[in-house]
Amino acid sequence: MSPSGRGALRDRPPRARAAYPGQLILALRRDPLTLVSRLAAEHGDVVRIAVPFRPPIHLFSHAEHARELLVTQASHFGRGLAIERTTLILGEGLLTIDGERHRRHRRLMQPSFSRRELDRHASVVAEAAREHAAAWAHGQVVDLSREMAALAMAAVSRVMFGEDLGGSAQTGAEALAVLLEFSDRLMLPLSGLWTALPTPSVRRARAALATLDRILYGLIDAKRRQPRGDDLLSSLIAAQEDTGSSQRLTDRELRDEAMTLLLAGHETTASALTWTWSLLAGHADAHARIADESRRLLGDRPPTAADVDQLQAAEQALAESMRLYPPVWSVGRRALDDVTIGGCRLARNDVAVVSQWVIHRDPRFWPDPLRFDPSRFAGTERARRPRAAYFPFGDGARRCIGESLAWMIGTVVLATLTPRLRFEHLPDHRPAPVPYLFLLSPGHVAASTPGAKARPGLPMRVASAEP
């Protein structure tokens, strides 16, 4: 499908109009999802946003442009500003490094993140899901977002570290929540200066970072002194040792990669699960398909590696959830030299952005785009779309290395719990997304207050799986 569907691109794309300098940047901070949707609707597949004292931002809104930016022309781009700012929290892991260092880390880590390797942990994830759900009672109201964050932390911890961290799991999840909220402020002007000041928010973020550092460095030290286990951290230590001393990852590099996987992997998985449960609450037929498939394939036993690929109903519901509510709502890149995307010329240092939120809801690729329909991801339907019309984990050389981990955890959790329980929306709360930096978290607004700003967290009621 050609990008010409909403007007051919030109060397100099239309500029988004603003009432005063900086208005659009302010809107991008306050309500980015509405802004990018409006700009795409008003200006078509590309629009230029002027930024005071900085190079302009170009918003591309066609699937083919996403593929150009992330795959075919990727060598002309470096990480975007949002990713650069997160270095303060994540350190220098796969998400924040470029060039040969990125390629080296990717080569070392990739074998441990293959689908085959990760699917071996399916039964461990199922066990974590059952243990976590055992604390819920029929009729109980829970913050589903918080519950899925804790469950995702337990599952990711067992796969990454071979243990659920005990009390440290909840402590770690709370610390990650503090850092996620703080990360949204890193895009403010002069962030490099004010983050050095001892303000309350900075002190909270530093304390949260110190908590996670203590947990991660303790695990790295323990794993180095133990026989090699089946967890991902042990595999990463063994992989870097197998390549020779000149290629060893230091403790700091291992910490940075573990921090990246915890923040990015834990948060995106928790978000995807929360939105999936929320959508299933309004679609009993989809919930029943997952539950029936799970009962037929598994009975009452936990899934194994051999089962994961067979859990199609769960995977399709998860995929459709991530289409409507992508855990990462945008990807930004900075041009390293003059380059052309979709006929639009970008100068060195110009910023290019593609938004999953926009492209995943484009009716050119997704008929009736706001309807929840997991059958869109059946094999025949999937083949009809451009590949880049769906990219919840990015694409190209910087595609999220934890993608297979997120798919496995999400699929196994849904297959394990749907035969046992479901969630119901509360009449006085309506789900609403809360964007942080480039991440999209679940939130809610009071149903009686249209237009109110979404608040983090999604209260829902636990119910038996039986209607």
Trainee: So, R252 side chain and G91 main chain: donor-acceptor pair closer than 3.5 Å or not?
Mentor: no
Trainee: Ring-plane angle category for F60 and H58, please: parallel below 30°, perpendicular beyond 60°, tilted otherwise.
Mentor: parallel
Trainee: Could you tell me whether the side chain of S114 and the main chain of E117 form a donor-acceptor pair under 3.5 Å?
Mentor: yes
Trainee: Would you say Q356's side chain and R323's backbone share a donor-acceptor pair under 3.5 angstrom?
Mentor: no
Trainee: I'd like to check V156 versus L261 (side-chain heavy atoms, cut-off strictly below 4.5 Å). Are they in contact?
Mentor: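 They are not in side-chain contact.
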Trainee: So, does Q312 use its side chain to make a donor-acceptor pair with the main chain of D309 at under 3.5 Å?
Mentor: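 Confirmed, Q312 side chain pairs with D309 backbone.
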Trainee: Without swapping roles, check the side chain of H444 against the backbone of G457 for a donor-acceptor pair under 3.5 Å.
Mentor: yes
Trainee: Quick one: do the S375 and D373 side chains pair a donor with an acceptor below 3.5 Å?
Mentor: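 Per modelled atom types, S375 and D373 side chains form a pair under 3.5 Å.
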Trainee: Name all residues meeting the salt bridge (charged side-chain N to carboxylate O under 4.0 Å, His left out) criterion together with D221; count only those two or more places apart in sequence or in a different chain, and write none if there are none.
Mentor: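 With sequence neighbours excluded, D221 shows a salt bridge (charged side-chain N to carboxylate O under 4.0 Å, His left out) to R225, given in chain and number order.
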Trainee: Which heavy atom of E320 sits nearest a heavy atom of R376, and at what distance?
Mentor: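 Answer, listing the atom of E320 first, then R376: OE2-NE, 2.9 Å.
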Trainee: For a quick test of reading the model, state the closest non-hydrogen atom pair linking R17 to H43 and the distance between them.
Mentor: NH1-CE1, 4.3 Å
Trainee: Just verifying a value: how many Å separate D337 CG and S75 OG, rounded to the nearest 0.5 Å?
Mentor: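 These two atoms lie 7.5 Å from each other.
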Trainee: Nearest 0.5 Å, please: how far is OG in S404 from CZ in R116?
Mentor: 13.0 Å
Trainee: Please name the pair of heavy atoms, one in V36 and one in S355, separated by the smallest distance, quoted to 0.1 Å.
Mentor: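 Of all heavy-atom pairs spanning V36 and S355, the closest is CG2-OG, 4.1 Å.
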Trainee: If you apply the rule salt bridge (Lys or Arg N to Asp or Glu O under 4.0 Å), what do you find for R387 with D395, and how did you get there?
Mentor: CA-CA 10 Å; R387 171 181 165 179; D395 206 350; 3.0 Å; yes
Trainee: Could you grab the distance from atom CD of Q110 to atom CG of L108, nearest 0.5 Å is fine?
Mentor: 11.0 Å
Trainee: Start with the C-alpha gap between R67 and F391, add the side-chain angles, then the distance that decides, and say whether side-chain contact (heavy atoms from CB on, under 4.5 Å) holds.
Mentor: CA-CA 9 Å; R67 182 150 182 83; F391 56 111; over 6 Å; no
Trainee: Does the ring of F377 carry R385 above it, NZ/CZ under 6.0 angstrom from centre and within 45° of its axis?
Mentor: yes
Trainee: Around R371, counting heavy atoms of other residues, nucleotides and ligands shown, do more than 12 lie under 6.0 Å from its CZ?
Mentor: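 Counting other residues, nucleotides and ligands, CZ of R371 exceeds 12 neighbours.
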Trainee: Is R361 close enough and on-axis enough to W357, meaning under 6.0 Å and within 45°, for cation-pi?
Mentor: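 Yes, R361 lies over the aromatic ring of W357.
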Trainee: Measure the CG-CG distance between D338 and D350 for me, rounded to the nearest 0.5 Å.
Mentor: 8.5 Å
Trainee: Is the NZ or CZ atom of R115 both under 6.0 Å from the centre of the six-membered ring of W407 and within 45° of that ring's axis?
Mentor: no
Trainee: Search all heavy atoms of A40 against all heavy atoms of S61 and return the closest pair with its distance.
Mentor: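 In this case the closest contact between A40 and S61 is CB-OG, 3.6 Å.
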Trainee: Below 4.0 angstrom, N of the basic side chain to O of the carboxylate: do R106 and E100 qualify?
Mentor: no
Trainee: Do T87 and E92 have a side chain donor and acceptor closer than 3.5 Å?
Mentor: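 Absent: no donor and acceptor within the cut-off.
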Trainee: Quick one: does S234's side chain have a donor or acceptor within less than 3.5 Å of a partner on D230's backbone?
Mentor: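 Side chain of S234 to backbone of D230, a donor-acceptor pair under 3.5 Å: no, none is there.
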Trainee: I need the R333 CZ to I341 CD1 distance, nearest 0.5 Å.
Mentor: 11.0 Å
Trainee: For A305, which residues count as a side-chain contact (heavy atoms from CB on, under 4.5 Å) partner, sequence neighbours excluded?
Mentor: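 Partners of A305 by the side-chain contact (heavy atoms from CB on, under 4.5 Å) criterion, ordered by chain and then number, come out as D119.
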Trainee: Which heavy atom of L118 sits nearest a heavy atom of F113, and at what distance?
Mentor: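 Nearest pair, atom of L118 first, then F113: CD1-O, 3.6 Å.
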Trainee: May I have the step-by-step check of salt bridge (Lys or Arg N to Asp or Glu O under 4.0 Å) for D231 and K223, ending in yes or no?
Mentor: CA-CA 10 Å; D231 57 279; K223 294 296 179 184; 3.3 Å; yes
Trainee: Ignoring hydrogens and angles, tell me if any N or O in the side chain of N349 forms a donor-acceptor pair with the backbone of P55 under 3.5 Å.
Mentor: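 Not a single qualifying donor-acceptor pair exists.
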Trainee: Output the distance between atom OG1 (T260) and atom CZ (R255), rounded to the nearest 0.5 Å.
Mentor: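 CZ of R255 is found 8.0 Å from OG1 of T260.
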Trainee: Could you report the tightest heavy-atom contact between V47 and R15, atom names first, then the distance?
Mentor: CG2-C, 4.3 Å
Trainee: Quick check against the 3.5 Å criterion: does S321 have a side-chain atom that pairs as donor or acceptor with the backbone of T276?
Mentor: yes
